[in-house]
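Data first, discussion second: the structure below is written as C-alpha coordinates.
Atoms within each ligand, like the ligands themselves, are counted from 1 in listed order. In what follows, every heavy atom counts, from backbone to side chain, and hydrogens, waters and symmetry copies are set aside. Keep in mind it's a predicted model, so treat the numbers as computed, not measured.
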Amino acid sequence: MSQMSNGTAAAVEPMVRIEGLRKSFGDLAVLNDVNLDVMPGEVVTIIGASGSGKSTLLRCINLLETPDAGSVWFQGKDLTSDHVDVNRLREDIGMVFQGFNLFNNMDVLDNCTLAPVTLKKSDKREAERVALGHLESVGLADFAHASVQTLSGGQKQRVAIARALCMSPKIMLFDEPTSALDPEIVGEVLEVMRRLAGEGMTMVVVTHEMAFARTVSDRVVFMDKGVIAEQGDPERMFTAPEHPRTREFLSRYLEG
Ligand SMILES: Nc1ncnc2c1ncn2[C@@H]1O[C@H](COP(=O)(O)OP(=O)(O)OP(=O)(O)O)[C@@H](O)[C@H]1O
Ligand SMILES: [Mg+2]
(Lines give C-alpha, C1' and ligand atoms only; values in the text may rest on other atoms or scores of the structure.)
(Ligands and ions follow the chains in the order given, each with its own letter.)
Protein backbone atom coordinates (compact mmCIF):
# COMPACT_ATOMS: atom_id res chain seq x y z
CA MET A 1 0.00 0.00 0.00
CA SER A 2 1.32 3.42 -0.81
CA GLN A 3 0.19 6.72 0.64
CA MET A 4 -1.48 9.13 -1.73
CA SER A 5 -1.06 12.86 -1.25
CA ASN A 6 -4.46 13.23 0.39
CA GLY A 7 -3.47 10.66 3.00
CA THR A 8 -5.63 7.80 1.78
CA ALA A 9 -3.92 4.53 1.01
CA ALA A 10 -4.14 3.32 -2.58
CA ALA A 11 -3.84 -0.37 -3.40
CA VAL A 12 -0.84 -1.01 -5.63
CA GLU A 13 -1.02 -4.15 -7.72
CA PRO A 14 2.06 -6.36 -7.72
CA MET A 15 3.91 -6.32 -11.03
CA VAL A 16 4.53 -10.04 -10.67
CA ARG A 17 2.47 -12.39 -8.56
CA ILE A 18 3.51 -16.02 -8.23
CA GLU A 19 1.19 -18.41 -6.46
CA GLY A 20 1.60 -22.10 -5.73
CA LEU A 21 4.20 -22.47 -8.46
CA ARG A 22 5.44 -25.99 -9.10
CA LYS A 23 7.91 -27.25 -11.66
CA SER A 24 9.54 -30.64 -12.09
CA PHE A 25 12.02 -31.98 -14.58
CA GLY A 26 11.18 -35.67 -14.82
CA ASP A 27 11.20 -37.00 -11.27
CA LEU A 28 13.06 -33.99 -9.95
CA ALA A 29 10.76 -31.51 -8.22
CA VAL A 30 12.60 -28.22 -8.67
CA LEU A 31 9.94 -25.76 -7.49
CA ASN A 32 7.56 -26.80 -4.71
CA ASP A 33 4.79 -24.35 -4.05
CA VAL A 34 6.57 -21.03 -4.51
CA ASN A 35 4.68 -17.83 -3.67
CA LEU A 36 6.19 -14.44 -4.42
CA ASP A 37 4.97 -10.93 -5.18
CA VAL A 38 7.17 -8.30 -6.80
CA MET A 39 5.90 -4.76 -6.46
CA PRO A 40 6.48 -2.01 -9.06
CA GLY A 41 9.87 -0.40 -8.49
CA GLU A 42 10.96 -3.14 -6.14
CA VAL A 43 14.39 -4.79 -6.36
CA VAL A 44 14.24 -8.40 -5.21
CA THR A 45 17.36 -10.51 -4.99
CA ILE A 46 17.17 -14.29 -4.95
CA ILE A 47 19.94 -16.16 -3.21
CA GLY A 48 20.44 -19.82 -2.41
CA ALA A 49 22.60 -22.85 -3.04
CA SER A 50 23.24 -24.29 -6.49
CA GLY A 51 20.28 -26.35 -7.61
CA SER A 52 17.78 -24.72 -5.24
CA GLY A 53 15.62 -23.59 -8.18
CA LYS A 54 16.59 -19.92 -8.55
CA SER A 55 17.01 -19.92 -12.33
CA THR A 56 13.93 -22.05 -12.85
CA LEU A 57 11.86 -19.61 -10.81
CA LEU A 58 13.19 -16.66 -12.78
CA ARG A 59 12.56 -18.43 -16.09
CA CYS A 60 8.96 -19.15 -15.14
CA ILE A 61 8.34 -15.38 -15.02
CA ASN A 62 8.91 -14.99 -18.77
CA LEU A 63 7.79 -18.52 -19.64
CA LEU A 64 11.22 -19.74 -20.68
CA GLU A 65 10.00 -22.59 -18.45
CA THR A 66 6.37 -23.65 -18.37
CA PRO A 67 4.98 -24.03 -14.84
CA ASP A 68 3.45 -27.43 -14.03
CA ALA A 69 1.01 -25.98 -11.51
CA GLY A 70 0.20 -22.70 -9.86
CA SER A 71 -0.02 -19.28 -11.46
CA VAL A 72 2.22 -16.49 -12.55
CA TRP A 73 0.61 -13.10 -13.11
CA PHE A 74 2.41 -10.26 -14.83
CA GLN A 75 0.72 -6.88 -14.59
CA GLY A 76 -2.53 -8.58 -13.67
CA LYS A 77 -2.45 -11.06 -16.55
CA ASP A 78 -2.34 -14.80 -15.86
CA LEU A 79 0.59 -16.15 -17.85
CA THR A 80 -0.51 -19.74 -17.36
CA SER A 81 -3.70 -19.18 -19.33
CA ASP A 82 -3.80 -20.31 -22.96
CA HIS A 83 -4.30 -16.86 -24.40
CA VAL A 84 -0.97 -15.31 -23.54
CA ASP A 85 1.09 -13.99 -26.43
CA VAL A 86 4.52 -15.08 -25.23
CA ASN A 87 6.42 -12.90 -27.67
CA ARG A 88 4.46 -9.82 -26.69
CA LEU A 89 5.01 -10.69 -23.02
CA ARG A 90 8.76 -10.93 -23.46
CA GLU A 91 8.86 -7.45 -24.98
CA ASP A 92 7.97 -6.17 -21.51
CA ILE A 93 10.37 -8.40 -19.60
CA GLY A 94 14.06 -7.79 -20.07
CA MET A 95 16.38 -10.66 -19.25
CA VAL A 96 20.11 -10.70 -18.70
CA PHE A 97 21.87 -14.07 -18.55
CA GLN A 98 25.17 -15.17 -17.11
CA GLY A 99 26.50 -15.87 -20.60
CA PHE A 100 25.44 -12.53 -22.23
CA ASN A 101 23.61 -14.22 -25.15
CA LEU A 102 24.69 -11.53 -27.61
CA PHE A 103 25.02 -12.03 -31.35
CA ASN A 104 28.78 -12.19 -31.78
CA ASN A 105 28.64 -11.68 -35.54
CA MET A 106 26.96 -8.27 -35.20
CA ASP A 107 28.24 -5.00 -33.88
CA VAL A 108 27.08 -3.57 -30.57
CA LEU A 109 24.51 -1.19 -32.04
CA ASP A 110 22.90 -3.86 -34.24
CA ASN A 111 22.61 -6.15 -31.19
CA CYS A 112 20.70 -3.34 -29.50
CA THR A 113 18.39 -2.45 -32.39
CA LEU A 114 17.56 -5.94 -33.66
CA ALA A 115 14.62 -6.64 -31.34
CA PRO A 116 13.10 -3.12 -31.44
CA VAL A 117 13.24 -3.13 -35.27
CA THR A 118 12.10 -6.71 -35.88
CA LEU A 119 9.66 -7.24 -33.00
CA LYS A 120 8.38 -3.75 -32.23
CA LYS A 121 8.69 -2.49 -35.83
CA SER A 122 10.56 0.55 -34.60
CA ASP A 123 12.06 2.86 -37.18
CA LYS A 124 15.75 1.93 -37.57
CA ARG A 125 17.02 5.47 -37.07
CA GLU A 126 14.85 5.96 -34.00
CA ALA A 127 15.93 2.57 -32.61
CA GLU A 128 19.56 3.61 -33.06
CA ARG A 129 18.97 6.89 -31.29
CA VAL A 130 17.39 5.10 -28.34
CA ALA A 131 20.14 2.45 -28.32
CA LEU A 132 22.89 5.08 -28.28
CA GLY A 133 21.23 6.63 -25.25
CA HIS A 134 21.26 3.32 -23.39
CA LEU A 135 24.83 2.56 -24.50
CA GLU A 136 25.80 5.96 -23.16
CA SER A 137 24.14 5.14 -19.84
CA VAL A 138 26.18 1.93 -19.48
CA GLY A 139 29.36 3.76 -20.51
CA LEU A 140 29.71 2.20 -23.95
CA ALA A 141 28.66 4.91 -26.40
CA ASP A 142 32.12 4.76 -27.99
CA PHE A 143 31.69 1.06 -28.70
CA ALA A 144 28.51 1.30 -30.77
CA HIS A 145 30.26 0.11 -33.92
CA ALA A 146 32.63 -2.32 -32.23
CA SER A 147 32.26 -6.01 -32.94
CA VAL A 148 30.93 -7.85 -29.90
CA GLN A 149 33.82 -10.31 -30.15
CA THR A 150 36.34 -7.60 -29.31
CA LEU A 151 34.68 -6.68 -26.00
CA SER A 152 35.60 -7.77 -22.49
CA GLY A 153 33.10 -9.80 -20.47
CA GLY A 154 32.10 -6.77 -18.46
CA GLN A 155 31.54 -4.74 -21.60
CA LYS A 156 29.51 -7.57 -23.13
CA GLN A 157 27.29 -7.74 -20.07
CA ARG A 158 26.78 -3.98 -20.11
CA VAL A 159 25.78 -4.26 -23.79
CA ALA A 160 23.36 -7.03 -22.81
CA ILE A 161 21.79 -4.71 -20.23
CA ALA A 162 21.58 -1.83 -22.73
CA ARG A 163 20.05 -4.17 -25.30
CA ALA A 164 17.36 -5.26 -22.86
CA LEU A 165 16.61 -1.63 -21.97
CA CYS A 166 16.08 -0.82 -25.66
CA MET A 167 12.76 -2.69 -25.48
CA SER A 168 11.57 -0.38 -22.67
CA PRO A 169 10.89 -3.32 -20.37
CA LYS A 170 8.61 -3.00 -17.36
CA ILE A 171 10.82 -5.35 -15.38
CA MET A 172 14.36 -6.67 -15.66
CA LEU A 173 15.33 -10.22 -14.71
CA PHE A 174 18.99 -10.96 -14.07
CA ASP A 175 20.31 -14.51 -13.70
CA GLU A 176 23.77 -14.35 -12.13
CA PRO A 177 24.86 -11.55 -14.46
CA THR A 178 28.35 -11.35 -12.96
CA SER A 179 29.13 -15.01 -12.35
CA ALA A 180 31.03 -15.45 -15.60
CA LEU A 181 33.16 -12.34 -15.11
CA ASP A 182 36.66 -11.88 -13.79
CA PRO A 183 36.50 -10.48 -10.24
CA GLU A 184 37.98 -7.10 -11.18
CA ILE A 185 35.25 -6.59 -13.81
CA VAL A 186 32.26 -7.52 -11.65
CA GLY A 187 32.04 -4.02 -10.17
CA GLU A 188 31.38 -2.21 -13.44
CA VAL A 189 28.33 -4.39 -14.13
CA LEU A 190 27.00 -4.13 -10.58
CA GLU A 191 27.38 -0.35 -10.80
CA VAL A 192 25.14 -0.26 -13.89
CA MET A 193 22.59 -2.43 -12.08
CA ARG A 194 22.77 -0.27 -8.99
CA ARG A 195 22.05 2.81 -11.08
CA LEU A 196 19.13 1.09 -12.79
CA ALA A 197 17.68 0.19 -9.41
CA GLY A 198 18.11 3.80 -8.31
CA GLU A 199 16.14 4.94 -11.35
CA GLY A 200 13.18 2.90 -10.15
CA MET A 201 13.41 -0.13 -12.44
CA THR A 202 11.61 -3.20 -11.10
CA MET A 203 14.25 -5.92 -10.88
CA VAL A 204 14.54 -9.57 -9.88
CA VAL A 205 18.17 -10.54 -9.52
CA VAL A 206 19.55 -14.02 -8.90
CA THR A 207 23.00 -13.40 -7.52
CA HIS A 208 25.86 -14.62 -5.40
CA GLU A 209 26.99 -11.01 -4.85
CA MET A 210 25.95 -10.68 -1.23
CA ALA A 211 27.08 -7.06 -0.89
CA PHE A 212 24.82 -6.18 -3.80
CA ALA A 213 21.91 -8.13 -2.29
CA ARG A 214 22.40 -6.40 1.02
CA THR A 215 22.88 -2.84 -0.16
CA VAL A 216 20.81 -2.57 -3.35
CA SER A 217 17.80 -4.81 -2.93
CA ASP A 218 14.58 -3.99 -1.15
CA ARG A 219 14.02 -7.62 -0.29
CA VAL A 220 16.14 -10.75 -0.17
CA VAL A 221 14.59 -14.11 -0.98
CA PHE A 222 16.43 -17.22 0.17
CA MET A 223 15.59 -20.39 -1.77
CA ASP A 224 16.28 -23.84 -0.44
CA LYS A 225 15.38 -27.07 -2.24
CA GLY A 226 12.65 -25.55 -4.37
CA VAL A 227 10.92 -23.42 -1.77
CA ILE A 228 11.35 -19.93 -0.42
CA ALA A 229 12.69 -20.83 3.00
CA GLU A 230 12.89 -17.23 4.16
CA GLN A 231 12.58 -13.72 2.80
CA GLY A 232 12.78 -10.25 4.19
CA ASP A 233 14.47 -6.93 4.56
CA PRO A 234 18.16 -7.22 3.54
CA GLU A 235 19.54 -5.88 6.81
CA ARG A 236 17.45 -8.33 8.81
CA MET A 237 18.34 -11.22 6.51
CA PHE A 238 22.06 -10.46 6.81
CA THR A 239 22.11 -9.79 10.52
CA ALA A 240 19.39 -11.99 12.00
CA PRO A 241 18.28 -14.74 9.61
CA GLU A 242 15.69 -16.95 11.26
CA HIS A 243 15.77 -20.15 9.24
CA PRO A 244 18.64 -22.54 10.06
CA ARG A 245 19.33 -23.06 6.33
CA THR A 246 19.56 -19.30 5.77
CA ARG A 247 21.95 -19.00 8.70
CA GLU A 248 24.06 -21.81 7.31
CA PHE A 249 24.06 -20.36 3.78
CA LEU A 250 24.92 -16.85 4.96
CA SER A 251 27.31 -17.90 7.73
CA ARG A 252 30.29 -16.49 5.85
CA TYR A 253 28.61 -13.09 5.61
CA LEU A 254 27.15 -12.83 9.09
CA GLU A 255 28.90 -10.76 11.68
CA GLY A 256 29.87 -12.08 15.07
N1 LIG B 1 15.88 -28.08 -18.38
C2 LIG B 1 16.19 -28.88 -17.35
N3 LIG B 1 16.11 -30.22 -17.45
C4 LIG B 1 16.41 -31.03 -16.41
N5 LIG B 1 16.81 -30.58 -15.21
C6 LIG B 1 16.91 -29.25 -15.04
C7 LIG B 1 16.61 -28.33 -16.09
N8 LIG B 1 16.80 -27.07 -15.63
C9 LIG B 1 17.20 -27.21 -14.35
N10 LIG B 1 17.26 -28.51 -14.00
C11 LIG B 1 17.63 -29.01 -12.67
O12 LIG B 1 16.80 -28.39 -11.73
C13 LIG B 1 17.52 -28.09 -10.54
C14 LIG B 1 17.39 -26.63 -10.23
O15 LIG B 1 18.02 -25.91 -11.28
P16 LIG B 1 18.14 -24.33 -11.30
O17 LIG B 1 18.93 -24.04 -12.51
O18 LIG B 1 16.82 -23.70 -11.16
O19 LIG B 1 18.98 -24.08 -9.96
P20 LIG B 1 19.76 -22.78 -9.50
O21 LIG B 1 19.32 -22.50 -8.10
O22 LIG B 1 19.61 -21.71 -10.51
O23 LIG B 1 21.27 -23.30 -9.44
P24 LIG B 1 22.66 -22.56 -9.81
O25 LIG B 1 23.01 -21.71 -8.62
O26 LIG B 1 23.62 -23.67 -9.99
O27 LIG B 1 22.43 -21.76 -11.06
C28 LIG B 1 18.93 -28.56 -10.76
O29 LIG B 1 19.09 -29.82 -10.17
C30 LIG B 1 19.03 -28.64 -12.28
O31 LIG B 1 19.95 -29.63 -12.66
MG1 LIG C 1 20.90 -20.80 -11.80
Side-chain angles (χ1 to χ4, degrees), residues 16-38 43-72 74 79-80 86 89-90 93-102 153-154 156-157 160-161 164 169 171-183 185-186 189-190 193 202-214 216-217 219-232 234 237-238 241 243-254:
V16 175
R17 164 159 284 179
I18 295 168
E19 267 183 10
L21 180 61
R22 292 179 189 276
K23 177 72 184 177
S24 298
F25 295 108
D27 291 340
L28 182 68
V30 173
L31 297 177
N32 271 309
D33 193 15
V34 172
N35 301 282
L36 181 70
D37 279 358
V38 181
V43 178
V44 174
T45 46
I46 301 177
I47 61 173
S50 182
S52 57
K54 305 179 300 295
S55 295
T56 306
L57 173 59
L58 203 64
R59 292 163 63 85
C60 282
I61 298 176
N62 60 3
L63 298 181
L64 284 175
E65 300 292 354
T66 310
D68 294 337
S71 329
V72 180
F74 175 68
L79 304 187
T80 52
V86 174
L89 169 78
R90 291 193 189 136
I93 302 181
M95 180 133 183
V96 175
F97 302 87
Q98 183 176 327
F100 324 124
N101 296 20
L102 296 170
K156 284 181 189 171
Q157 198 57 301
I161 294 171
I171 186 171
M172 288 280 284
L173 311 178
F174 294 86
D175 193 356
E176 299 198 34
T178 60
S179 293
L181 304 178
D182 293 334
I185 280 173
V186 166
V189 174
L190 292 180
M193 293 169 63
T202 309
M203 295 165 53
V204 183
V205 184
V206 174
T207 188
H208 291 290
E209 292 294 330
M210 295 303 156
F212 180 88
R214 183 168 181 170
V216 180
S217 57
R219 187 151 46 105
V220 175
V221 168
F222 172 66
M223 288 196 68
D224 183 46
K225 301 190 181 83
V227 298
I228 295 177
E230 183 172 357
Q231 60 176 304
M237 290 287 282
F238 281 94
H243 197 288
R245 292 285 296 139
T246 323
R247 282 206 289 272
E248 191 185 338
F249 182 76
L250 290 178
S251 57
R252 276 193 292 150
Y253 306 96
L254 298 174

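N32 contributes atom CG, which lies 13.0 Å from atom NZ of K23 (distance to the nearest 0.5 angstrom). M193 contributes atom CE, which lies 4.5 Å from atom CE of M203 (distance to the nearest 0.5 angstrom). Taken to the nearest 0.5 Å, the CG atom of D33 stands 10.0 Å off from the CD atom of E19.
Backbone and side-chain nitrogen or oxygen atoms of L28 are examined, and none is located within less than 3.5 angstrom of a nitrogen or oxygen of ligand 1.
Ring geometry for F222 versus F249: interplanar angle of 30 to 60°, hence tilted.
Not a single heavy atom of M223 sits under 4.0 Å from any atom of ligand 1. Residue contact check for ligand 1: G51 places a non-hydrogen atom closer than 4.0 Å to it. Close to ligand 1: A49, with a non-hydrogen atom less than 4.0 angstrom away.
Proximity to T56 (heavy-atom distance under 4.0 Å) selects the following atoms of ligand 1: 15 (O), 16 (P), 18 (O). Of all atoms in ligand 1, listed by their number and element, those nearer than 4.0 Å to a heavy atom of V30 are 12 (O), 13 (C), 14 (C).
Nearest to atom 26 (O) of ligand 1 among the protein's heavy atoms is S50 OG, 2.5 Å. Counting protein heavy atoms only, atom 6 (C) of ligand 1 is closest to F25 CD1, 3.2 Å.
The side-chain heavy atoms of L181 and F100, taken from C-beta on, include a pair separated by under 4.5 Å. The shortest distance between side-chain heavy atoms of S217 and V205 does not fall below 4.5 Å.
Judged purely by atom type and a 3.5 angstrom limit, K54 uses its side chain to pair as donor or acceptor with the backbone of G48. A donor-acceptor pair is defined here as one N or O able to donate and one able to accept, closer than 3.5 Å; no such pair exists between the side chain of Q157 and the backbone of V189. A distance-only check finds no donor-acceptor pair linking the side chain of R219 to the backbone of V44 [under 3.5 Å].
Excluding waters, the set of protein N, O or S atoms lying under 2.8 Å from the Mg ion (ligand 2) comprises S55 OG.
Distance check on atom 30 (C) of ligand 1: every protein heavy atom falls at or beyond the 4.0 Å cut-off.
Annotation: side-chain hydrogen bond (donor to acceptor under 3.5 Å, both in side chains) contacts of R90 (sequence neighbours excluded): none.
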